[in-house]
Amino acid sequence: MTTDTLTNRTYRLLRRVPKGKVTTYKALANALHTKAYRAIGQIMKSNPYAPEVPCHRVVASDGTIGGFMGKTKGAAIQKKIAMLQKEGVNIRRNKIQEFSSVYWSDW
DNA sequence: CGGTTGACCAAGT
DNA sequence: GACTTGGCCAACC
């Protein structure tokens, strides 16, 4: 990685997140000392590092999964969501249950 | 290099 | 609880 763009940093950081845990776009932006919540969203969708960078482990600050399924109807993401639940994350409708329990903030 | 977009966020209605 | 508005920032055209 020669380019030190926000994208690369985001991937690197997200890579640290253990399974069974999730984080928010805001937390990532905060950890990177930026406010590009939105840009990170775009980054995830472009996520070229599929299983390496668990973009599905990133959710909105409200504990909602985000605009993946209901809005954008991303079929691929739904599978990731199912995998999340398998890892131990309980999701209800579009929102994470016990969000605080699975929320990762200790980078 | 200007304008549009978006897997966002917070506050207001 | 759902929708709207303003703001923020990077990537794309």
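The chains referred to below are lettered A, B, ... by the order of the sequence lines, with proteins before strands, and numbering in each begins at 1.
One can place CG of A:L6 at 13 Å from C1' of B:dC8, the figure rounded to the nearest angstrom. Spacing between atom CD1 of A:I40 and atom C1' of C:dC9 amounts to 9 Å, rounded to whole angstrom units. To the nearest angstrom, C1' of C:dA2 lies 10 Å from NZ of A:K95. Note: OH (A:Y11) to C1' (C:dA10) measures 12 Å, nearest angstrom. In this structure, the CD atom of A:Q42 is 9 Å from the P atom of C:dC12, given to the nearest Å. Distance, A:M44 CE to B:dT5 P: 22 Å, rounded to whole Å. For A:N94 and C:dA2, the CG to P distance is 11 Å, given to the nearest whole Å. Atom pair A:L32:CG and C:dA10:P shows a separation of 11 Å (rounding to whole Å applied).
Smallest separation of non-hydrogen atoms from A:V89 and A:G20: CG2-O, 3.6 Å.
Side-chain N or O atoms of A:Y11 include one that pairs as donor or acceptor with a backbone N or O of A:I43 at under 3.5 Å. Looking at A:R57, its side chain never comes within 3.5 Å of a backbone N or O of A:T23 through a donor-acceptor pair.
Partners of A:A31 according to the side chain to side chain contact (heavy atoms under 4.5 Å, CB included) rule, which considers only residues two or more places apart in sequence or in another chain, are A:L13, A:W107.
Taking a 6.0 Å sphere around CD of A:Q85, one finds it holds more than 12 heavy atoms contributed by other residues, nucleotides or ligands.
If you check every strand for non-hydrogen atoms under 4.0 Å, A:S46 touches nothing. Across all strands, A:A36 comes closer than 4.0 Å only to sugar-phosphate atoms, never to a base (heavy-atom distances).
No option in A:I40, A:V59, A:N30 other than A:I40 meets the side chain to side chain contact (heavy atoms under 4.5 Å, CB included) test with A:Y25.
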Find every protein N or O atom lying less than 3.5 Å from an N or O atom of nucleotides 9-13 of chain B, and list the pairs.
from: B:dC9; atom 1: OP1; to: A:S61; atom 2: N; distance (Å): 2.8
from: B:dC9; atom 1: OP1; to: A:S61; atom 2: OG; distance (Å): 2.2
from: B:dC9; atom 1: O3'; to: A:K26; atom 2: NZ; distance (Å): 3.3
from: B:dA10; atom 1: OP1; to: A:K26; atom 2: NZ; distance (Å): 2.6

